[in-house]
Colleague: 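Structure provided below as structure tokens; questions to follow.
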Amino acid sequence: MTTLYAIGDIHGDMEQLETIHAQVADDLAAHPAQDHQIIHIGDLVDRRYQSKQVIDYLIDGDETGKPWITLKGNHDRMMTLFIDNKAQDPILRTDLTWLHPRLGGLTTLESYGITGLSHEQEDEIQAEAIAKVPATHRDFLRSLPTHFDTPNAFFTHAGINPEKALADQTEDDLIWIRAPFHEHAGPFEKLIVHGHTPVDVVTQYANNRLNIDTGAAYGKLLSAI
């Protein structure tokens, strides 16, 4: 039997990520498991101040064979779209860009030493980002899976489109969906573990979904189950 841990939206909070991993280690010491995996639910970057360090930490875990799974969130995709092509995510509101203060792209870039520019200076920012954000970081973010499926639970960043089978979900569904998923009254075929929309505490809903994003993006606690 494999013990699964899932960690909510990190949003560049390296200190809390290290604390959560230490708590997982303590739990494993107290309750030894033959196998375990740690699932990071996506949104590794933006809004807090250590996105570079978070990505370094997760890449190092991947390269050293840690039993970690890291999923893609909408903020992770926004970052690579901007750096690669100065493109806006097609699902994002047209009046916003990844660099807008509401979304936290500039805070992420500060962790790479890119400072002193307005969010409107897209050409200058993209040029600096290409120079200072390691290709390994961009490759890592691009290659992240959108979900992790198990016999009893389906882990993804935002949720699922309730009108589609799990096998038919698109990346847009899995990293961006909100209202159709949240408002769906019927049961899902298995437990859907997700983040994306902050709640005060980890919350399980009657229709078989479990939200583990408790607002680390806004200085609140990072949670794990």
Side-chain angles (χ1 to χ4, degrees), residues 1-11 16-17 20-21 23-28 30-45 58 61-62 65-78 89 91 140-217 220-225:
M1 181 178 292
T2 299
T3 298
L4 299 178
Y5 298 86
I7 298 174
D9 303 35
I10 302 163
H11 281 291
Q16 289 208 76
L17 180 60
I20 286 283
H21 273 268
Q23 290 173 328
V24 168
D26 290 343
D27 190 68
L28 284 166
H31 309 95
Q34 183 175 353
D35 294 298
H36 76 278
Q37 289 176 304
I38 301 174
I39 303 154
H40 306 90
I41 211 73
D43 277 5
L44 315 179
V45 302
L58 294 171
D62 198 37
K66 298 284 179 62
W68 297 355
I69 295 160
T70 303
L71 303 180
K72 182 184 295 186
N74 58 310
H75 282 262
D76 310 314
R77 187 170 83 174
M78 284 191 285
D89 193 295
I91 309 300
F140 177 73
L141 293 176
R142 277 192 229 99
S143 67
L144 294 175
T146 57
H147 63 280
F148 179 66
D149 198 5
T150 75
N152 298 311
F154 184 89
F155 298 81
T156 192
H157 175 64
I160 66 167
N161 184 333
E163 302 301 319
K164 300 178 183 177
L166 290 179
D168 297 330
Q169 302 290 317
T170 67
E171 180 169 292
D172 288 348
D173 294 328
L174 297 173
I175 71 172
W176 272 107
I177 201 163
R178 278 201 172 95
F181 173 59
H182 296 168
E183 296 169 4
H184 181 69
F188 299 110
E189 58 190 275
K190 59 180 70 174
L191 178 66
I192 310 298
V193 182
H194 68 96
H196 187 53
T197 302
V199 288
D200 290 335
V201 295
V202 169
T203 304
Q204 184 160 0
Y205 297 84
N207 62 351
N208 211 23
R209 69 179 177 93
L210 177 61
N211 189 343
I212 63 172
D213 177 7
T214 51
K220 298 179 181 180
L221 287 177
L222 178 65
S223 292
I225 57 167

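Being a predicted model, the structure only gives us computed values, none of them experimental.
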Colleague: Grab the two heavy atoms, one from P162 and one from P180, that are nearest each other, plus how far apart they are.
Modeller: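 Smallest interatomic distance, heavy atoms only, reads CG-O, 3.3 Å.
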Colleague: Is the distance between the ring centroids of W68 and H36 under 6.0 Å?
Modeller: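 No, the ring centres sit 6.0 Å or more apart.
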Colleague: Check the orientation of F155 and F148. Use parallel for under 30°, tilted for 30 to 60°, and perpendicular for over 60°.
Modeller: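 F155 vs F148 ring planes: tilted.
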Colleague: Would you say D200 has more than 12 foreign heavy atoms packed within less than 6.0 Å of its CG?
Modeller: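 Check fails, neighbour count at 12 or below.
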Colleague: Do D26 and V24 have side chains that approach each other closer than 4.5 Å (heavy atoms only, starting at C-beta)?
Modeller: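 They are not in side-chain contact.
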Colleague: Looking only at heavy atoms, what is the nearest atom pair of D43 and H75, with distance?
Modeller: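 Where D43 meets H75 most closely, the heavy atoms are OD1-N, 3.0 Å.
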Colleague: Might you point out which heavy atoms bring L144 and L71 nearest each other, and give the distance in Å?
Modeller: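 For L144 versus L71, the nearest heavy atoms are CD1-O, 3.8 Å.
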Colleague: To the nearest 0.5 Å, what is the distance between CD (Q204) and CD1 (I212)?
Modeller: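 Result: 12.0 Å between the selected atoms.
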Colleague: Given E171, which of I175, D173, L174 fulfils the side chain to side chain contact (heavy atoms under 4.5 Å, CB included) condition?
Modeller: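 Exactly one candidate clears the test, I175.
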Colleague: Output the distance between atom CE (M1) and atom CD (Q34), rounded to the nearest 0.5 Å.
Modeller: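 Going from the CE atom of M1 to the CD atom of Q34 covers 10.0 Å.
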Colleague: Centre-to-centre under 6.0 Å for F188 and F181, is that the case here?
Modeller: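 Yes: the rings meet the under 6.0 Å criterion.
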Colleague: Nearest 0.5 Å please: distance from the CD atom of Q37 over to the CD1 atom of I69.
Modeller: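 Taking CD in Q37 and CD1 in I69, the distance rounds to 4.0 Å.
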Colleague: Between L44 and L58, is any pair of side-chain heavy atoms under 4.5 Å apart?
Modeller: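 The answer is yes, as the side chains (C-beta and beyond) meet within the 4.5 Å cut-off.
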Colleague: Using a 4.5 Å cut-off on heavy atoms from C-beta on, say whether the side chain of T197 contacts that of V199.
Modeller: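 No. Closest side-chain heavy atoms not under 4.5 Å.
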Colleague: Assess the pair H196 and H182: is the distance between their ring centroids shorter than 6.0 Å?
Modeller: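 No, they do not, as the ring centres are separated by 6.0 Å or more.
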Colleague: Whether the side chain of N208 engages the backbone of P187 through a donor-acceptor N/O pair (distance < 3.5 Å, no angle test) should be reported.
Modeller: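 No; zero donor-acceptor contacts below 3.5 Å.
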Colleague: For the CD1 atom of I7 and the CD atom of Q23, what is their distance to the nearest 0.5 Å?
Modeller: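 Separation between the atoms: 9.5 Å.
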Colleague: Could you please spell out the steps behind the side chain to side chain contact (heavy atoms under 4.5 Å, CB included) verdict for K72 and L141?
Modeller: CA-CA 7 Å; K72 182 184 295 186; L141 293 176; over 6 Å; no
Colleague: Counting C-beta onward and ignoring hydrogens, is there a side-chain heavy-atom pair between I41 and D213 closer than 4.5 Å?
Modeller: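 Not touching, per the 4.5 Å side-chain cut-off.
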Colleague: Distance from L222 atom CG to I20 atom CD1, nearest 0.5 Å?
Modeller: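 Reported to 0.5 Å precision, the distance equals 4.5 Å.
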Colleague: How far apart are the closest heavy atoms of T3 and A33, and which atoms are they?
Modeller: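 Heavy atoms only, the tightest pair is OG1-CB, 3.3 Å.
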Colleague: Which value, rounded to the nearest 0.5 Å, describes the distance between T156 atom OG1 and I192 atom CD1?
Modeller: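 So the gap between those two atoms works out to 8.5 Å.
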Colleague: Quick one: does H31's side chain have a donor or acceptor within less than 3.5 Å of a partner on D27's backbone?
Modeller: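 Yes; at least one donor-acceptor contact below 3.5 Å.
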Colleague: What closest approach, in Å, do G186 and N207 show between heavy atoms, and which atom pair accounts for it?
Modeller: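 Smallest heavy-atom distance, with atoms named: O-CB, 3.3 Å.
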Colleague: Should D62 and T70 count as side-chain neighbours, where that means a heavy-atom distance under 4.5 Å?
Modeller: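 Side-chain contact under 4.5 Å: no.
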Colleague: Would you please test D149 and K190 for salt bridge (Lys or Arg N to Asp or Glu O under 4.0 Å) and show each step?
Modeller: CA-CA 10 Å; D149 198 5; K190 59 180 70 174; 3.0 Å; yes
Colleague: Do F154 and I160 have side chains that approach each other closer than 4.5 Å (heavy atoms only, starting at C-beta)?
Modeller: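 When only atoms from C-beta onward are counted, I160 and F154 do touch, with a gap below 4.5 Å.
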Colleague: Passes side chain to side chain contact (heavy atoms under 4.5 Å, CB included), N161 versus Q169? Steps please.
Modeller: CA-CA 7 Å; N161 184 333; Q169 302 290 317; 3.5 Å; yes
Colleague: Is a side-chain donor-acceptor pair under 3.5 Å present for N74 with H157?
Modeller: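 The criterion, which ignores hydrogens and geometry beyond distance, is satisfied for N74 and H157.
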Colleague: Any heavy-atom pair between the side chains of L17 and H40 that's under 4.5 Å?
Modeller: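 Yes, close enough: below the 4.5 Å cut-off.
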Colleague: Run the salt-bridge test on R77 and D172 with the 4.0 Å N-O cut-off and return the result as yes or no.
Modeller: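 Yes.
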Colleague: Are T203 and L210 close enough that some pair of their side-chain heavy atoms sits under 4.5 Å apart?
Modeller: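 T203 does not reach L210 side chain to side chain.
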Colleague: Give me the atom names and distance for the closest heavy-atom approach of G195 to N211.
Modeller: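 The answer is CA-OD1, 3.7 Å.
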Colleague: Would the distance check show the side chain of H11 and the main-chain N or O of V45 forming a donor-acceptor pair, the cut-off being under 3.5 Å?
Modeller: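 Such a contact is found between H11 side chain and V45 backbone.
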